[in-house]
Amino acid sequence: MQPVIAVESVSKSFGAVTAVNGVTLDVRPNECLALLGPSGCGKTTLLRLIAGLEAADRGRILIDGADMTHAAPYARPVNMMFQSYALFPHMSVADNVAFGLKQDGVKGDALKARVQDALAAVEMEALAQRMPAQLSGGQKQRAALARCLAKRPRALLLDEPMAALDKHLRERTQFELMALRKRLGIAFVVVTHDQSEAMAMADRVAVMDAGHVLQVAAPREMYERPASRRVAQFFGDINVWSAVVGLAPGTVDIPDLRLAVRIPAALPSAGSPLSVALRPERIAIARDPAPMGDCSVSGTIEDAVYLGMTCTYFVTLSSGAVVRVTAQNGEGAQTFSRGDAVHLSWRPAALTVLAA
Amino acid sequence: MNAAARRRAVLTLPWLWTALFFLLPFAVVLKISFAESQLSIPPYTALFERVDGVIVGLRATLANYRMVFTDSLYVTAYFSSLKIAAIATLLTLLLGYPMAYGIARAPASHRVLLLVLVMLPFWTSFLVRIYAWIGLLRPTGIINAALESLGFIDAPLALLNTPGAVYLGIVYAYLPFMVLPLYARLERLDPALLEAAADLGAKPWRAFLHVTLPLSRPGIAAGCLLVFIPAVGEFVIPELLGGPDTLMIGKVLWNEFFSNRDWPLSAAITVVLLMVLVTPIALLQLAQSRTLRRA
């Protein structure tokens, strides 16, 4: 299937700073792709490169198979929803929505009908004659969305779409956006620094850091099989330990845990350094030793954080290493407090082997 | 003093200033405009007839106003001034807008320097700068001499004492008053709005026409008023750069006041001029308050 947007080895520098460094990425038809990364990782620059608001130094950008690397923004069949929404303050909501259509020469009844359709899609018909200054944050976002959708773009580019909304509105808006996307059948590219937002909205997530795409995968795969230490650390909470491949075949020595673990994965030759990662919720915590397979360590609770649905414990081992453990709160769940001696255990399959 | 009282005090200051330095002198001018000219000091009749310090009668005449509105000299001078000021304002706008736009879009580190350059002429006397233009434009001036020595012309061009020289002088002298309010407006324009326009399919000139231009309208209005109003009453530029055929009300006023010593007529000309100028300001105020109400 031909990708809607194909980014091929694209680089972009601002003076001495390389914002996007040799990025190759496909956006598939009808998918929602999230560009996730810390601020300054190049995700917004990549989005602006696709929109044509920045010119690539190297590489190609194809939209629907056509080379658009040097096309002006107004010639590209994609539309962008700006973080600030960038609604024209001197035009009503309806005029804002009509603006893009007028540029395409849509006139008269056809124009009216398409503005109406776009406003209906985001339930903003009643506010069509309002000026942007008279709208709430959520209404502004929907007006900006309608303005993009009216153009019937091949892909919609969203720059931090939830950043200007308060927390309550965010979750509802995420669902609404996704429902709208499925109904319209267009691809979304969403820039976000919020991992939970990326997980909630995206079919696939591209994690970016320092101008590079580190990994592109579905949220679940990204969470359970991160490709690198950096991805693992950015995508949710995780324990990462340095380790060495053991002499016995299929084992790994983890000095921090004072443990040699049998790992059901292909390993490099004995003595090679690597990292082992373990999600905090995959660890069982108990007062009594309750071995699950051969992975069990003991330690002392250093800190306990109650988070409602879960508790997060920081457990200090005899080696001095601190392990993060997340336990569900619920009927009959054991709780621990600072200073308690506890046993931690997990299944070997829960461990992820990463490059050192 | 509490905050509200302080606020009131601060707001009183501009009113006090206006009352003292505008309304009061204007009341004097208004009074003189109803008097009759006579050979005395001051050279006009008193408005109130007094006998032993007691006001016994009012001697007001509308003759001066009748004169201003019926004598074709004054009417022509008003219209000519308005026309010259309007054309000069338009020219200043056409020159000032790209300048202000360029400064607003320049890298932030360059902007201060560019603004200083715009304001630099203010550091020299206005009169000296207009005299400098005489030196440039006169038949034996620098421009004619240069053109002649390069062989472009055989005889000096008539540059000085022409309507063109008056327009040049006004545009030159008032350009900063156009550039500064336009710059203030354009600098605040969110670049994302132009990016959004481009993203929605607008070619640069359409984005300018439908986004930049409407959003800079308050700057255009402010700049045009700041140029138009003083230009209508301009005296020095038409006097020094203009020819005998350049009729402007400022020049007429000067003649009536200093050459003919007809203070009441001069006062009437001034009052009518003020009324002519207040109209566009009032219209602008109305338009602005309407935009404010909409926003």
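Everything numeric in this text was worked out from a predicted model, so none of it was measured. Naming convention: chains lettered A, B, ... in sequence-line order (proteins, then strands); numbering from 1 in each chain.
- Of the atoms belonging to R147(A), heavy atoms from both backbone and side chain fall under 4.5 Å from chain B.
- Listed options P204(B), A197(B), P214(B) were ranked by heavy-atom pairs under 4.5 angstrom with chain A; first place goes to A197(B).
- Counting only heavy atoms from C-beta outward, the side chains of K102(A) and K107(A) never approach each other to under 4.5 Å.
- Proximity to chain B involves both the backbone and the side chain of F88(A), based on heavy atoms less than 4.5 angstrom apart.
- Using bins of under 30°, 30° to 60° and over 60° for the plane-to-plane angle, the ring pair F21(B)/W17(B) lands in the tilted bin.
- Checked against the 6.0 Å centroid criterion, the rings of F69(B) and Y78(B) do not qualify as a close aromatic pair.
- Looking at L101(A), neither its backbone nor its side chain comes within 4.5 Å of chain B, counting heavy atoms on both sides.
- By the 4.0 Å N-to-carboxylate-O rule, D203(A) lies close enough to R181(A) to be salt-bridged with it.
- Contact annotation for D190(B): only side-chain heavy atoms (C-beta onward) come within less than 4.5 Å of a heavy atom of chain A.
- Checked against a 6.0 Å centroid threshold, the rings of Y97(B) and F208(B) count as neighbours.
- Contact annotation for M91(A): only side-chain heavy atoms (C-beta onward) come within less than 4.5 Å of a heavy atom of chain B.
- Options P153(A), A51(A), P89(A) differ in how many heavy-atom pairs under 4.5 Å they form with chain B, and the most are formed by P89(A).
- A donor-acceptor contact under 3.5 angstrom links the side chains of D67(A) and T69(A), judged on distance only.
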